[in-house]
Amino acid sequence: MTAGVREEPRETVRSRTPRRLPLPTLLAVLVGFAAVGYRLALLFADVPPTNSDEATMGLAALHIARGDGFPVWFYGQAYMGTLEAYLAAPLIALAGPSVLVLRLPTLALYALFLLLSWRLTRRLGGDRWYALLVVAVLALGADRVVKNQLIAGGGYPELNPAGAALALLTVGLCVTGAGARLPRWAAWGLIAGVLLWVDPLILPYVLTLGALLVAWRWRELAGRAGVVLAGALLLGAAPMLVDSLRHGRNPVSAVLAAGGTGAAADWADRLYGGLVLGPPLAMGFCSPGRCATWQLWWALAFPLLLLLAAFTAWHTLRRTWGGPRSVERVSAGVRLALLGGAAGVLAAYAVSNAAGRTPIESSRYLSCLAVAVPALLWPLWRAVRPLAEVESIKATGGRAAGARARVAGVGALAVLAGVLGTGAAATVEVIRAAPAVHAEADRHRSLVDTLGALGVRHVRGGYWTCNRLTYATGENVLCAVVEDDLRPGFDRLPAYRREVAADPDAAWVALAGSPLAARLDARLGPEPGALDVVTVAGWRIYLPRR
């Protein structure tokens, strides 16, 4: 050492060296930002298209922001909680009503889902490269997928992040020490309770993950943990429970009634819609509004992979049974619970009338299959990894073992490439359709501007027109629903109908070329009591003649 010069210890020098993210983690961050950025760009392009159901949630948020009401349920029904409205209300109070403002919380929920899925994959034993793969799959954004994630229509955007959070908490509750578990029990119960209020579609995951906790932590649940869990569960479900007690409503009966309305669908149609169309749509393999034949390959791959992943998890459980509860054993148990939840979601949908009557639109009921992706793709990743180690496998297991590993790895790699390739192709179709969706939104904005210029405050229109128009105007225009034959329709907010009925100058609004427009065209004429018409951007506004 040179005199007068003090040499720093090596530990100090090393501690000052900036830590770099591992390459797969850095790539996962970049893919995550790209996925969120893609969806944000879609929102600025008015994609996915909005509708009156989403506007109904927007009206609830508007009322909350103004302090005019604090709805528990989606207006017009006694099920599906209004969590999205409460999340959007502060933004609407600041920026006013718009579809973009209404969807910013759902975009944040999607970003949270990506983060939780990455973390869940790592906690379930996946390496960083596998976690990158899971993020890449969930980053793809086909038509049905972005609708489920971004439209604030009630119940769908919040299910996936909540399901991933429950799975993560389940892992923590099964591996941490007893002193650190009470906050996790409280969080698990609170999330489960909120989910029961918001939308029961996630219930299969709640049941399977809950069953795993009961099987492995039943002694703990018999004490303080059970009290904490039950209390948090009741707190989360409090909006539903309090409203049901106050008004004598049974939300379970309401959900069952909603799922069974209309004529019963044929069983062949149910199974085709649920098992053939459902999985590709839910996974994001289909073009907007349709599924081409080549995009249906996942209908065969999904149940096979579900069974293979379940067998793999069960085999790991059997192998580690009787020993200490290792991380490997916990991971296998949670993967099995996730796969059981996914199977329950699919089975419940496949036997429903919705799967047979409206399979394309109703496939949104399968949105929470995405929660199980870290468990579902696990066998494929395990088969792909040995491709780089075929020579060592040959050395230890012989030429036949090496050949089997190569065949399995190549087959698994082909399936993963198919998942990414098909999802990417469907994502491109969404981008191609974006200009047409944006043009339709511009036409609707022209309608709103024209009504304002005409001084129209009250109108009648179709169901898919009314609440969208009312929300877009911030309730400056109120709309009452009519059927195509001009009879009163279903108003989710009956007060609107009363105000419209009290206005003798109430107008009519209909899409040009629609059955409602054809019926109103028959009332045009010069005589008193007839209608005048103003046409703007594909819409027809009918004004009473004085």
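Only a predicted model underlies this, so the values are computations on that prediction, with no experimental measurement involved. Counting begins at 1 with the first residue of the sequence.
- Ion pair Arg468/Glu440 flagged as a salt bridge, since at least one NZ, NE, NH1 or NH2 atom sits closer than 4.0 Å to an Asp/Glu carboxylate oxygen.
- Separating the CG atom in Leu369 from the CG atom in Leu339 is a distance of 11.0 Å, to the nearest 0.5 Å.
- A distance-only check finds a donor-acceptor pair linking the side chain of Thr106 to the backbone of Arg103 [under 3.5 Å].
- Arg335 contributes a side-chain N or O that, together with a main-chain N or O of Leu124, makes up a donor-acceptor pair within less than 3.5 Å.
- Within the 4.5 Å cutoff, the side chain of Thr82 has no heavy atoms near those of the Trp73 side chain.
- One N or O on the side chain of Gln295 and one on the backbone of Phe285 form a donor-acceptor pair closer than 3.5 Å.
- Using bins of under 30°, 30° to 60° and over 60° for the plane-to-plane angle, the ring pair Trp298/Phe302 lands in the tilted bin.
- Side chain of Gln149 to backbone of Tyr110: no donor-acceptor contact under 3.5 angstrom is found.
- For CH2 of Trp314, the number of neighbouring non-hydrogen atoms (other residues, nucleotides, ligands) closer than 6.0 Å is 12 at most.
- In this structure, Lys147 pairs ionically with Asp143, as a charged nitrogen and a carboxylate oxygen lie closer than 4.0 Å.
- Within the model, atoms OG of Ser363 and OH of Tyr349 stand 5.5 Å from one another, a figure rounded to the nearest 0.5 Å.
- Within a 6.0 Å sphere centred on CZ of Arg432, heavy atoms belonging to other residues, nucleotides or ligands number 12 at most.
- The main-chain N or O of Pro374 is found under 3.5 Å from a side-chain atom of Tyr130 such that the two form a donor-acceptor pair.
- In this structure, the side chain of Glu84 does not engage the main chain of Met57 through any donor-acceptor pair within 3.5 Å.
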